[in-house]
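Bear in mind that the values here come from a model prediction, so they are computed numbers and not experimental data. All ligand and atom numbering here is 1-based and tracks the order in the structure.
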Amino acid sequence: MTSVSRRAVLKAGAATAAAFAAAPAIHSQGAANGPVGSVVDEQPFARLEVVGDGLWAVVSTPLNGDGQFANPQTLCNGGLILGDNEVVAIDGFFQPAGAAWLAEQSVKLTGKRPSKVIVTHFHLDHSGGLAGYQSGAIGPDIIMTDTTRKLVFENYTVGRPAEGSPFLQPAGRMMMPTQILPDDSGKTPLDIGGRVLTLDPLLGHTPSDIAVHVDNADVLYAGDLIWQGLFPNCTHAVMSALTKSCRALFDAGDNLIVTGHGGLARTAELDGAFMALLAAVEATARVSHRQGLSAADAAANFTLPEAVSDWGFFNPRYPELAMAAWYRELSNSSR
Ligand SMILES: [Zn+2]
């Protein structure tokens, strides 16, 4: 599965680096997503909310009133988890300024900078800002799966011509992992003193995603496997695996879910709606594929199910990209 999926990613091409920047100009923030916990800091690009004892969530707010990506410092959601011994940050964000802000917040809230950061998957809006956690010679351990490491390297360390410069430029100031989770590791405990995190290697949003469970709290950091209020980006998705992974995460108990993008939501509020969205995409993709329609035509035939009818789109092409993701699987299986 993994090697086929990785080929699909490579075939999907270089779109990722510029996925956000190059998207059409009008975006929608989607359904209302106000804070669920008390807000400890608020910036134009994100807010930091308390979601439990020693647990915080970053909720990114990248769009301005005109639907432009005016504030892309963090771009994705993430968070901080405090143990007796250390602070773990969830995700690397889009720009170093985003991670630097979260590291400062960690010092304000806990007296410590993060000593570990878990990168949920390779996408640039989760990996491009990692350098911001560094302070002089000191920086956190950077944890990612081996497949995520390969995909960061292959997608974002390649130089591209830049006008007026003799140098080729990679997509970002990339940082490679200092702790690599083998792809076949299964659920992996991480003891941070007084609490144990479980790193849950899944796949579906990309060929390798990590969700993070917290043993003594009803909070789940889901990365981009789960979104709220926004149609998910399926550019590199393995759709059948995404459905399975999301089912498993929703079945993991009644949690407050820190999604990858959009708002936070409890399992009970989001389970039915998100699974209905995935099921509707699958149904349209299967019928359209059988009829020989293009992914674009399949997307044109697609309507949001009732439960998510007020959700928005970071990029209006996301339904088409989700259809294309299904088409990759359906074409492979009929061969
Ligand atoms: Zn992503």
Side-chain angles (χ1 to χ4, degrees), residues 5-6 8-10 12-23 27 30 46 57-63 69 72-79 89-95 98-99 117-130 143-145 147-156 171-172 174 200-212 220-239 241-243 245-246 249 257-264 274 277-278 281 311-315 317-322 324-325 328:
S5 311
R6 284 195 50 232
V9 166
L10 299 181
T16 326
F20 289 94
H27 312 270
V58 173
V59 179
S60 285
T61 50
L63 300 182
F69 279 104
Q73 288 89 335
T74 47
L75 201 49
C76 71
N77 296 342
I90 304 293
D91 261 328
F93 306 105
F94 185 51
Q95 297 177 341
V117 52
I118 298 167
V119 181
T120 61
H121 63 289
F122 81 98
H123 282 158
L124 195 63
D125 54 325
H126 299 253
S127 63
L130 284 167
I143 298 172
M144 59 180 81
T145 67
T147 291
T148 295
R149 174 194 67 74
K150 286 179 199 144
L151 291 171
V152 167
F153 182 79
E154 287 166 6
N155 283 273
Y156 304 135
M174 304 314 294
D200 192 356
L202 296 164
L203 75 162
H205 172 66
T206 68
S208 179
D209 301 274
I210 296 180
V212 179
L220 167 68
Y221 294 85
D224 276 7
L225 290 163
I226 301 179
W227 297 41
Q228 191 279 333
L230 291 166
F231 190 100
N233 176 6
C234 297
T235 307
H236 302 124
V238 184
M239 297 302 283
L242 179 63
T243 302
S245 295
C246 292
L249 291 178
I257 300 176
V258 180
T259 61
H261 296 274
L264 312 179
F274 198 74
L277 174 57
L278 293 182
V281 169
W311 284 25
F313 299 87
F314 262 170
N315 180 334
R317 284 196 61 225
Y318 278 180
E320 181 184 338
L321 295 170
R328 287 196 293 273

(message) Parallel, tilted or perpendicular, judged at 30° and 60°: which one describes the rings of H123 and H126?
(response) tilted
(message) Rounded to the nearest 0.5 Å, what separates atom SG in C246 from atom NE2 in H205?
(response) 10.5 Å
Short check: any N/O/S atom of [X] below 2.8 Å from the Zn ion (ligand 1)?
X	value
H236	no
H126	no
H121	yes
D224	yes

(message) So if I apply the side-chain hydrogen bond (donor to acceptor under 3.5 Å, both in side chains) rule between H261 and each of N77, D224, N233, which one comes out positive?
(response) D224
(request) Taking the Zn ion (ligand 1) as the reference point, name the nearest N/O/S atom of H123. (result) ND1
(request) Answer yes or no: is there a side-chain heavy-atom contact under 4.5 Å between L249 and L202? (result) yes
(request) Begin with the C-alpha distance, continue with both residues' side-chain angles, and end with the deciding distance and a verdict on side chain to side chain contact (heavy atoms under 4.5 Å, CB included) for V238 and R328. (result) CA-CA 9 Å; V238 184; R328 287 196 293 273; over 6 Å; no
